[in-house]
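As structure tokens, the structure follows; a few thoughts come after it.
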Amino acid sequence: QVQLVESGGGLVLAGGSLRLSCAASGRTFRGYAMGWFRQGPGKERDFVAAIIWNDERTYYADSVKDRFTISRDNAKNTVYLQMNSLKPEDTAVYYCAAALTWLGSFQVGLREKYPYWGQGTQVTVSS
């Protein structure tokens with residue numbers, strides 16, 4: 001069984017920063033993918049960023065490229081999302097997700113490829 005627990009959300013002014021954490025337990029994730037998705041009010045759950053655990057390849061949605069950074073700590077089995085230059089449109093519930101199979105570059109952004117999800121953490125950016 002896999003458990004994912006997000007933390008680090010909150011209220012921040014536009015232009016500010018937050019760092020989200022996703023602690024994974026139940027098994028190791030070497031060689032697999034971890035992703036961050038977000039769901040704004042009345043919107044679909046969209047891809048934000050992903051990292052391939054063993055080689056640290058990273059992928060980003062165009063809307064967050066150059067502002068967000070995904071990383072992982074192997075020893076802590078934890079994935080991070082550093083969010084800088086936050087905008088009001090970044091307001092959403094942010095979800096961590098885990099895929100227990102290798103994902104290619106055309107798959108990392110697909111929700112259906114991630115069978116495990118955290119409970120989500122709210123990020124609110126005020127203008």
Side-chain angles (χ1 to χ4, degrees):
Q1 188 66 17
V2 173
Q3 294 84 39
L4 304 173
V5 179
E6 302 101 331
S7 60
L11 173 64
V12 64
L13 291 175
S17 298
L18 282 174
R19 188 176 81 155
L20 305 183
S21 300
C22 173
S25 61
R27 61 176 296 165
T28 62
F29 295 91
R30 294 183 184 182
Y32 304 137
M34 297 285 287
W36 285 97
F37 290 75
R38 67 186 181 186
Q39 188 166 15
K43 296 183 179 180
E44 296 284 320
R45 189 173 299 189
D46 293 330
F47 171 72
V48 175
I51 186 166
I52 305 302
W53 196 267
N54 64 339
D55 61 13
E56 297 187 88
R57 277 180 291 135
T58 57
Y59 302 89
Y60 297 94
D62 288 342
S63 59
V64 306
K65 206 170 291 184
D66 299 326
R67 297 189 300 123
F68 290 12
T69 302
I70 188 171
S71 62
R72 63 108 172 102
D73 184 323
N74 203 28
K76 295 182 178 179
N77 234 22
T78 297
V79 174
Y80 304 99
L81 185 68
Q82 177 66 44
M83 305 185 295
N84 298 329
S85 302
L86 282 161
K87 305 175 182 180
E89 51 263 43
D90 294 318
T91 295
V93 178
Y94 282 71
Y95 296 90
C96 175
L100 301 187
T101 57
W102 181 87
L103 297 182
S105 60
F106 292 100
Q107 298 173 308
V108 293
L110 302 177
R111 291 195 307 266
E112 60 268 27
K113 297 298 183 182
Y114 296 85
Y116 299 100
W117 293 82
Q119 81 288 352
T121 185
Q122 176 70 47
V123 171
T124 302
V125 184
S126 175
S127 58

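What you see below is based on every heavy atom in this structure, not just the backbone, and it leaves out hydrogens, waters and symmetry mates.
The disulfide bond (SG atoms under 2.5 Å apart) pairs that include a residue from residues 35-127 are C22-C96, where partners are two or more places apart or lie in different chains.
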Worksheet entry | Criterion side-chain contact (heavy atoms from CB on, under 4.5 Å) on V12 and S126, from CA distance to verdict | CA-CA 6 Å; V12 64; S126 175; over 6 Å; no

Practice prompt. I would like to know whether L4 and M34 meet side-chain contact (heavy atoms from CB on, under 4.5 Å); could you show each step before the answer?
Written response: CA-CA 10 Å; L4 304 173; M34 297 285 287; 4.0 Å; yes

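The distance from the CD1 atom of I51 to the CZ atom of R72 is 6.0 Å, given to the nearest 0.5 Å. The distance from the CG atom of L20 to the OH atom of Y95 is 13.0 Å, given to the nearest 0.5 Å. Between the CD atom of Q39 and the CD atom of Q122 there is a distance of 10.5 Å, given to the nearest 0.5 Å.
V48 is not listed as a side-chain neighbour of Y59, based on a closest heavy-atom distance of 4.5 Å or more. Residues Q119 and E6 meet the side-chain proximity criterion, which asks for heavy atoms closer than 4.5 Å. Side-chain contact between Y114 and Q107: absent, with no pair of heavy atoms (C-beta onward) separated by less than 4.5 Å. Under the 4.5 Å side-chain criterion, counting only non-hydrogen atoms from C-beta, V108 is in contact with I52.
The environment of CG in D55 is crowded: more than 12 heavy-atom neighbours from other residues, nucleotides or ligands sit within 6.0 Å. The number of heavy-atom neighbours closer than 6.0 Å to CD of E44, taken from other residues, nucleotides and ligands shown, is 12 or below.
Salt bridge D46/R111: absent, no basic N to carboxylate O contact under 4.0 Å. A salt bridge does not link K87 with D90: none of the charged nitrogens is closer than 4.0 Å to a carboxylate oxygen.
In this structure, T91 contributes its side chain and V125 its backbone to a donor-acceptor pair below 3.5 Å. Formation of a donor-acceptor pair under 3.5 Å by the R57 side chain with backbone atoms of W53 is not found in this model. Not a single donor-acceptor pair under 3.5 Å links the side chain of Y116 to the backbone N or O of L100. In this structure a side-chain-to-backbone donor-acceptor pair under 3.5 Å is present from Y60 to I70. For the pair R38 (side chain) and V93 (backbone), a donor-acceptor distance under 3.5 Å is absent.
Between F47 and F37, the ring planes lie perpendicular to each other; the angle is over 60°, past the 30° to 60° tilted range.
Side-chain contact of S17 with N84: a donor-acceptor pair under 3.5 Å is present, judged by distance alone. With 3.5 Å as the limit, one finds no donor-acceptor pair spanning the side chains of Y80 and R19.
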